[in-house]
Amino acid sequence: MTKMLNVNIDTSGVDKKEAEEWVNELANVYADMEIADINVSGNKIAFKAGFAGMDDTEPDDVKMKIEEYLTMNEAFNASNVSVR
C-alpha cells in the first residue's frame with residue numbers, strides 16, 4: 001500500500017491550470033510517485049503524494065523530490081514547501 005502524505009506549497013500567485021499541470025508532470029517525472037487530490041486556491045497548491053508500493057515514506061523523502069523538481073521546472077515561485 002502506498003503511504004500518502006499531505007503536501008502544501010505556498011506561492012506568490014499561480015495560474016490554477018498551470019499549477020495542476022505542474023503537479024501532474026511531477027508524477028510523470030518521478031514514475032514511482034503517486035499524486036491525488038490536487039487543490040489549487042489563491043497562493044496555495046495542495047495535494048497528496050507518495051511513492052508506489054511504499055508504506056515507509058517519510059515527509060523528507062517527498063519534500064526532497066518536490067524541491068528538486070522545483071529547481072528543474074520553475075513554473076512558479078514557491079515560498080514554502082511543507083509535507084506532513
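Quick note: residue numbers are just sequence positions, from 1.
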Under 3.5 Å, is there a donor-acceptor pair between the side chain of [X] and the main chain of [Y]?
{"X": "Lys3", "Y": "Asp56", "answer": "no"}
{"X": "Asp61", "Y": "Glu58", "answer": "yes"}
{"X": "Asn43", "Y": "Gly13", "answer": "yes"}
{"X": "Thr2", "Y": "Gly53", "answer": "yes"}
{"X": "Thr57", "Y": "Gly50", "answer": "no"}

Regarding Asn8 and Lys44, is there a side-chain donor-to-acceptor distance under 3.5 Å anywhere?
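Side chains of Asn8 and Lys44: no pair found under 3.5 Å.
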Closest heavy-atom pair and its distance - Ala75, Glu18
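Where Ala75 meets Glu18 most closely, the heavy atoms are O-OE2, 2.9 Å.
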Going by ring-ring contact (aromatic ring centres under 6.0 Å, His included), name the residues that satisfy it together with Tyr69, two or more places apart in sequence or in a different chain.
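Tyr69: ring-ring contact (aromatic ring centres under 6.0 Å, His included) contacts with Trp22.
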Under the side chain to side chain contact (heavy atoms under 4.5 Å, CB included) criterion, do Asn39 and Asp37 qualify, and how do the steps go?
CA-CA 6 Å; Asn39 184 0; Asp37 302 334; over 6 Å; no
Name the one of Leu5, Ile38, Asn6, Val62 that satisfies side-chain contact (heavy atoms from CB on, under 4.5 Å) with Lys48?
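Among Leu5, Ile38, Asn6, Val62, the one that satisfies the side-chain contact (heavy atoms from CB on, under 4.5 Å) with Lys48 is Asn6.
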Same apolar cluster: Met4 and Ile35, side chain cutoff 4.5 Å:
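No, Met4 and Ile35 fall in different hydrophobic clusters.
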According to a 4.5 Å side-chain heavy-atom criterion applied to Ile, Leu, Val, Met, Phe, Trp and Tyr, with indirect links allowed, do Val23 and Val29 form part of one hydrophobic cluster?
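Yes: a chain of side-chain contacts under 4.5 Å links Val23 to Val29.
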Working to the nearest 0.5 Å, report the span between [atom1] of [X] and [atom2] of [Y].
{"X": "Lys65", "Y": "Phe51", "atom1": "NZ", "atom2": "CZ", "value": "6.0 Å"}
{"X": "Glu67", "Y": "Lys63", "atom1": "CD", "atom2": "NZ", "value": "5.0 Å"}
{"X": "Ser82", "Y": "Asp10", "atom1": "OG", "atom2": "CG", "value": "7.0 Å"}
{"X": "Met54", "Y": "Met33", "atom1": "CE", "atom2": "CE", "value": "10.5 Å"}
{"X": "Asn73", "Y": "Glu21", "atom1": "CG", "atom2": "CD", "value": "10.5 Å"}

Take Phe47 and Leu26 through the test side chain to side chain contact (heavy atoms under 4.5 Å, CB included) and record every step on the way to the result.
CA-CA 12 Å; Phe47 57 94; Leu26 175 67; 4.0 Å; yes
Test side chain to side chain contact (heavy atoms under 4.5 Å, CB included) on Lys17 and Val40 and set out the steps.
CA-CA 8 Å; Lys17 182 79 172 152; Val40 180; over 6 Å; no
Is the closest side-chain heavy-atom distance between Ile45 and Phe76 below 4.5 Å?
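Side-chain contact under 4.5 Å: yes.
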Passes side chain to side chain contact (heavy atoms under 4.5 Å, CB included), Ile66 versus Ile9? Steps please.
CA-CA 10 Å; Ile66 291 169; Ile9 302 174; 4.0 Å; yes
